[in-house]
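As C-alpha cells, the structure follows; a few thoughts come after it.
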Amino acid sequence: MAIFSLLVTANPHSSQGQFSAIQFAKTLLNQGHELKRVFFYADGVLVASRINCPPSDEYNLTKTWAKLAIQHDFELTACVTVAMKRGITNATEAERNALTGDNLDPAFEISGLGQLTEAMLESDRLVTFG
Amino acid sequence: MKTLYILNNPQHFKQCASAMTEEDTLLLIENAVLLADQLEPRSNYFVLEEDLIARGLSNNAEWQTKDYQGFVQLTLDCDKSVSWL
C-alpha cells in the first residue's frame, strides 16, 4: 500500500478541483492506501475558513475535508503566507498581527511551505489538484 | 521515467502534449474531458469517466475511460504525476 499526499490549489468557490481532490482522497483511502497530508496553497486555502457558509443545498467543502481528515487521521495544512493574505488565520497569527478575530477551521492547521516539501519526501506520490 | 500528465484545462492540451514522451500517460479530468469528443484516441490517453458523464459526453467518446479507482492506480503505475493547470 502506498502513502499519498495531495497539493490543492483550486479555488473552492469557482472551480472543480477541490471536489476532484476529495473524490481522489476518498478513493485512495477506500483502496487501503494512506493519506499523509493535504496541503492547501494559492486560492485552495480559502476552504480552510470555518465560517464558510454555503447555502444549505450546496456541498460544504470545509466540513467534508474536516470530517474525512478526522475519520482517517490525516493532516489538512494551509500555507501561512497565502492564508494570511486571504484573511484566513488562526488565533496565534491573529494575535501576532493584531487582528480582531480568527477563522481557521479546527480540523486545519496553518504552516510553512516546509510542510509541503516534507509531504513530498515522506510520501510515495504527490498529486496536485488546481 | 514514466510520467502521468493530468490535464484539467482543454486550452492547454497542445503545450501538455508537446511535453509528453511516448512512455508517458495522459488523463483528462474536469473541463478537459471535452477534448475526448474532439481528438483522436490514443493508447496512452485516458479520460475520467465521472467528469465525462457529468458533461453528457459518456456515449460520444471513443477514448479509454478511467474511474477514480483507475485514476489512483494510474498515479501508482507511473513514477510521478504532473498536473498541467
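Chain A is the first sequence line, chain B the second, and so forth, proteins listed ahead of strands; every chain is numbered from 1. Only heavy atoms go into these numbers, but all of them, side chains included; no hydrogens, no water, no symmetry mates.
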What is the minimum heavy-atom distance between A:L29 and A:F74, and which atoms define it? CD1-CE2, 4.0 Å
Chain B heavy atoms under 4.5 Å from A:L7: which part of the residue, side chain, backbone, both or neither? neither
Name the orientation class of the two ring planes belonging to A:F4 and A:F24 (parallel below 30°, tilted from 30 to 60°, perpendicular beyond 60°). perpendicular
Can you pull every donor-acceptor pair closer than 3.5 Å across chain A and chain B?
{"residue": "A:Q16", "atom": "OE1", "partner": "B:R55", "partner atom": "NH2", "Å": "2.8"}
{"residue": "A:Q16", "atom": "NE2", "partner": "B:D51", "partner atom": "OD1", "Å": "2.9"}
{"residue": "A:S20", "atom": "OG", "partner": "B:E30", "partner atom": "OE2", "Å": "2.6"}
{"residue": "A:Q31", "atom": "NE2", "partner": "B:Q69", "partner atom": "O", "Å": "3.4"}
{"residue": "A:R125", "atom": "NE", "partner": "B:T75", "partner atom": "O", "Å": "2.6"}
{"residue": "A:R125", "atom": "NE", "partner": "B:C78", "partner atom": "O", "Å": "3.2"}
{"residue": "A:R125", "atom": "NH2", "partner": "B:L76", "partner atom": "O", "Å": "3.1"}
{"residue": "A:R125", "atom": "NH2", "partner": "B:C78", "partner atom": "O", "Å": "2.8"}
{"residue": "A:L126", "atom": "O", "partner": "B:S81", "partner atom": "OG", "Å": "3.3"}
{"residue": "A:T128", "atom": "O", "partner": "B:S83", "partner atom": "OG", "Å": "2.5"}
{"residue": "A:G130", "atom": "O", "partner": "B:N8", "partner atom": "ND2", "Å": "3.0"}

Residue that, paired with B:F46, satisfies side chain to side chain contact (heavy atoms under 4.5 Å, CB included) out of B:L26, B:L4, B:L27: B:L27
Suppose we screen for side chain to side chain contact (heavy atoms under 4.5 Å, CB included). Which residues come up paired with A:I51, at least two apart in sequence or across chains? A:S49, A:N103
Against chain A, label B:I6 side chain, backbone, both or neither, depending on which of its atoms sit under 4.5 Å from a heavy atom there. side chain
Work out which heavy atom in A:G101 is nearest to a heavy atom in A:T89; give both atom names and the distance. O-CG2, 3.6 Å
Over all heavy atoms of both residues, which pair between A:A25 and A:L35 is shortest? Give the atoms and the distance, please. CB-CD2, 3.8 Å
A:T62 versus A:D105, closest heavy-atom pair with distance: CG2-OD2, 3.7 Å
